[in-house]
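Below is one structure, written out as structure tokens, with a few remarks after it.
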Amino acid sequence: MFQELSEQEILRREKLEELRKLGIDPYPAAEFKVNVTAEDIKENYERDKLNYKDISIAGRIMSVRDMGKAAFALIQDSTERIQIYVRRDDICAGEDKTLYDVVWKKLIDLGDIIGVEGYVFTTKTGEISIHVTSFKLLSKSLKPLPVVKTDAEGNAFDEVSDPEFRYRQRYVDLIINPKVKKTFEQRSKIISSIRDFLNNNGALEVDTPVLQTIPGGAAARPFLTHHNALDIPLYLRIANELYLKRLIVGGFDWVYEFSRNFRNEGMDRTHNPEFTVLEFYVAYRDYFWMMNTTEKLLEKIALDLHGTAEIPVGDKLINFTPPFKRVTIYDAIKEHTGIDVSNMDETQLREVCKKLHLEIDNSMGKAKLIDTIFGEKCESNYIQPTFITDYPVEMSPLTKKHRDKQGLVERFELMINGKEIANAYSELNDPIDQRERFEEQVRLMERGDDEAMFIDYDFLRALEYGMPPTSGIGFGIDRLCMLLTNQPSIQDVLLFPQMRPEVQTVTSEELEK
RNA sequence: GAUUCCGUAGCUCAGCUGGUAGAGCAAUACACUUUUAAUGUAUGGGUCCUGGGUUCGAGUCCCAGCGGGAUCACCA
């Protein structure tokens, strides 16, 4: 990180000294009172000119057009960019023109944060601007900001598009790429829309442990850490499901949590080692109720975010108006392969996979084979929201057996744009059945399935006290955000996506050597 | 993990079959009191990702490494 300073960086450090010599603190402590935002001015000035005669606003200088004894500049606050007009004889009333000739023209740079006072007016060319009567440096920028120019039509020139730069220095990305900022504002809106929905329906937001002694509730490789005082291994959670169900046992009827989960697996366009899942569990409900609720929730999010239930994603238009299509997984496979796998055993399924040229191995059981067929041949076809229902029991160890279909469970996955967005069950609440399912997982583990689940005896104990019939669901929030903000990569909906470190950090262990 | 593409000024990029490194913006200086991708003139700025190799000579060719993207594998 100790790089030599560039020419421009050295210059800006020299300017710091110049400013101090003039008695100007480049990093003043005092509050700067702001009474308006750029957005407010642009939206309301024409209608209500009287209110913008004495304004105070702060922001970052994004461009400067110097015209001799006057200058135009664009400043950007948290809402918008707005033009300011700085005239020498207005900010320097007397003989001394230092403030304009030296401070403004020589010592202020792109990227500096300033506060200005003045009044709003419209220029000859019709742009709403601020006529500055005084300005104050609030923070000096020492690193040159990449310059992105935008013309009247909004076309950007020399836009910083290098993903590495954008993800590593997200703070810069946010400053110079307004669209990026908008995406994250939308993400926040999506989450608060969901929270509103849940709270308005009587749900209780809870927090459950991130550090767990048994990484349960899903099948995935966990991150392992160690607690010194207890001298025990702890895992970062891969899911929070089993804890939320304990709370249903405890007597809450509807609990939810936005859970940051951690999985020690590969990274790509749809996977980050830490990601967010919303799970909620509702007592006395089943998966049919959950489908109806999911439809309502998604429609509400779409309306809150875009004002319409029809949303462009890539080159497609996705419609979130209920009801969504419902297809059993066996019907889905029949539809896209022409093969009825509903009564097949493992050997027959292997034959089918071979016929379809799917790669399989010996550790795969019946459930995984079916899942492979669905994943390869069907999944990508479901562009409009579709519930895929009634999965084989072997692939769903936490799900209640189907009320009248032998060998299946009451489960659905919500597919949108060819990807899984949510996964829901009528929750298994029979403690004996649950114990057997866990034991089956152990057998899978012994067979070589390294993603099979561990047995959580405390969870079994909770079920033995009695859990009401319950339906639960998990939404991949990051993927939902990708969908609703039309972003192709998970990195574009995570403020700080995981990256390999820029510089090799030396650990204490390595230092000892 | 595999394959493939990429890494050149603060930013965006050019640099052919190997011959001492270029443009635009940004920066610096000067001019300009309603401009808007402001304009005009001049100037400075480089570990060509790193390390080896081939060669009289490497930004360019070869090998290895580092970092990133895409595709695939993995991730129910």
Applying the 3.5 Å cut-off to both distances, the Watson-Crick or G-U partner of B:U20 turns out to be none

Quick check: do A:Thr37 and A:Ile57 have side-chain heavy atoms less than 4.5 Å from each other?
no

Any base atoms under 4.0 Å from A:Glu127, or only sugar-phosphate, or nothing? Heavy atoms, all strands.
base

Is the Lys NZ or Arg CZ of A:Arg170 less than 6.0 Å from the centre of A:Phe496's six-membered ring, within 45° of the axis?
no

Between A:Glu413 and A:Arg411, is there a side-chain N and carboxylate O pair less than 4.0 Å apart?
yes

How far does the P atom of B:G45 sit from the matching atom of B:C32, given to the nearest Å?
28 Å

Which nucleotide in B:A76, B:U34, B:A29 has an atom nearest any side-chain atom of A:Thr123:
B:U34

How far does the C1' atom of B:C62 sit from the matching atom of B:A2, given to the nearest Å?
22 Å

Please determine whether a side-chain nitrogen or oxygen atom of A:Arg269 lies at a distance below 4.0 Å from atom OP1 or OP2 of B:A70.
no

Who pairs with B:A64 - Watson-Crick or G-U, where each distance is under 3.5 Å:
B:U50

Touch class at under 4.0 angstrom, heavy-atom based, for A:Tyr391 against every strand present
nothing

What nitrogen or oxygen pairs link the protein and nucleotides 37-40 of chain B at under 3.5 Å?
| unit_1 | atom_1 | unit_2 | atom_2 | d |
| --- | --- | --- | --- | --- |
| B:A38 | OP1 | A:Lys149 | NZ | 2.7 |
| B:A38 | OP2 | A:Arg65 | NH1 | 2.8 |
| B:A38 | N6 | A:Asp66 | O | 2.6 |

Integer angstrom distance from the C1' of B:C74 to that of B:U3
15 Å

Given atom CD1 of A:Ile175 and atom P of B:C11, what is their separation to the nearest angstrom?
14 Å

Holding to side chain to side chain contact (heavy atoms under 4.5 Å, CB included), I want the full list of residues that pass it with A:Glu9, two or more places apart in sequence or in another chain.
A:Leu5, A:Ser6, A:Arg13, A:Lys143, A:Pro144

Checking the side chain of A:Asp77 only, and the main-chain atoms of A:Ala38 only, is there a donor and an acceptor separated by less than 3.5 Å?
yes

Before accepting this row, confirm whether a basic side-chain N of the pair A:Glu440/A:Arg443 lies closer than 4.0 Å to the acidic partner's carboxylate O.
yes

Who are the side chain to side chain contact (heavy atoms under 4.5 Å, CB included) partners of A:Ser63, not counting sequence neighbours?
A:Arg65, A:Leu74

Take the protein atom CG of A:Leu11 and the nucleotide atom P of B:A9, then report the distance between them rounded to whole Å.
19 Å

In terms of side-chain heavy atoms of A:Val147, which of B:U33, B:A76, B:C25 is nearest?
B:C25

Using the C1' atom as the point on both nucleotides, what is the distance between B:G10 and B:C66, in whole Å?
23 Å

When you get a sec, tell me which of B:G67, B:G69, B:A76 is the closest nucleotide to the side chain of A:Pro163?
B:G69

Return the nucleotide paired to B:C30: Watson-Crick means purine N1 to pyrimidine N3 with N6-O4 or O6-N4, wobble means G-U with N1-O2 and O6-N3, both under 3.5 Å.
B:G40

It should be established whether A:Lys143 places a side-chain nitrogen or oxygen under 4.0 Å from OP1 or OP2 of nucleotide B:C11.
no

Side-chain N,O (A:Lys124) to OP1/OP2 (B:U34) below 4.0 Å
no

Considering residues at least two apart in sequence or located in another chain, which fulfil the side chain to side chain contact (heavy atoms under 4.5 Å, CB included) criterion with A:Ala58?
A:Phe32, A:Val34, A:Leu138

Rounded to whole Å, please give me the gap between CG in A:Asp162 and P in B:U8.
8 Å

When the C1' atoms of B:A23 and B:U34 are considered, how many whole Å apart are they?
32 Å

Separation of B:U35 P from A:Lys105 NZ (nearest whole Å):
17 Å

Nearest to the side chain of A:Asp109, which nucleotide is it out of B:A76, B:U28, B:G68?
B:U28

Aromatic ring proximity, centroids under 6.0 angstrom, A:His336 and A:Tyr382:
yes

Among the nucleotides B:C11, B:A76, B:A27, which one has an atom lying closest to any side-chain atom of A:Arg411?
B:A76

Could you tell me whether A:Glu153 contacts a base, only the sugar-phosphate backbone, or nothing, with contacts defined as non-hydrogen atoms closer than 4.0 Å?
nothing

Separation of the P atoms in B:A21 and B:C25, to the nearest angstrom:
23 Å

The nucleotide from B:C11, B:G10, B:A76 with an atom nearest the side chain of A:Ala219 is B:A76

Closest to side chain of A:Asp268, choosing from B:C74, B:C11, B:A27
B:C74

In whole Å, measure the gap between the C1' atoms of B:G51 and B:U4 for me.
23 Å

Under a 3.5 Å cut-off for both contacts, is B:A70 paired Watson-Crick or G-U wobble with anything, and if yes, with which nucleotide?
B:U3

So which of residues 81-101 of chain A are in contact with RNA chain B, with a heavy-atom cut-off of under 4.0 Å?
A:Gln83, A:Tyr85, A:Arg87, A:Asp89

Just how far, in rounded Å, is C1' of B:U34 from CZ of A:Phe121?
7 Å

For the side chain of A:Glu7 and the base of B:G44, is some donor closer than 3.5 Å to an acceptor across the two?
yes

Can you tell me which nucleotide in B:G68, B:C13, B:C74 comes closest to the side chain of A:Arg500?
B:G68

In whole Å, what separates the P atom of B:C63 from that of B:U28?
45 Å

Determine which nucleotide pairs with B:A76, using a 3.5 Å limit on both distances of a Watson-Crick or G-U wobble pair.
none

Under 4.0 Å between any heavy atoms, over every strand shown, what does A:Pro497 touch: base, sugar-phosphate, or nothing? Just pick one.
nothing

Closest approach to the side chain of A:Phe72, judged atom by atom: which nucleotide of B:U34, B:U12, B:G67 is it?
B:U34

With hydrogens left out and only the distance checked, is there a donor-acceptor pair under 3.5 Å joining A:Gln8's side chain and the base of B:A26?
yes

Name the orientation class of the two ring planes belonging to A:Phe438 and A:Phe459 (parallel below 30°, tilted from 30 to 60°, perpendicular beyond 60°).
perpendicular

Reported CG-to-CD1 distance for the pair A:Leu137 and A:Ile108, which is rounded to 0.5 angstrom
4.5 Å

Atom CD of A:Glu164 and atom P of B:C5: how far apart are they, to the nearest Å?
19 Å

Tell me: CG of A:Leu5 to C1' of B:A9, nearest whole Å?
15 Å

Sorted by chain and residue number, the side chain to side chain donor-acceptor pair (under 3.5 Å) partners of A:Asp101 (sequence neighbours excluded) come out as none

Could you state the atom-to-atom distance from CZ of A:Arg221 to C1' of B:G1 in whole Å?
11 Å

Nearest nucleotide by nearest heavy atom, which residue falls closer to the 5' end of RNA chain B, A:Gln491 or A:Asp371?
A:Gln491

Any donor and acceptor pair, going by atom type alone, linking the side chain of A:Arg479 with main-chain N or O of A:Ile421 inside 3.5 Å?
no

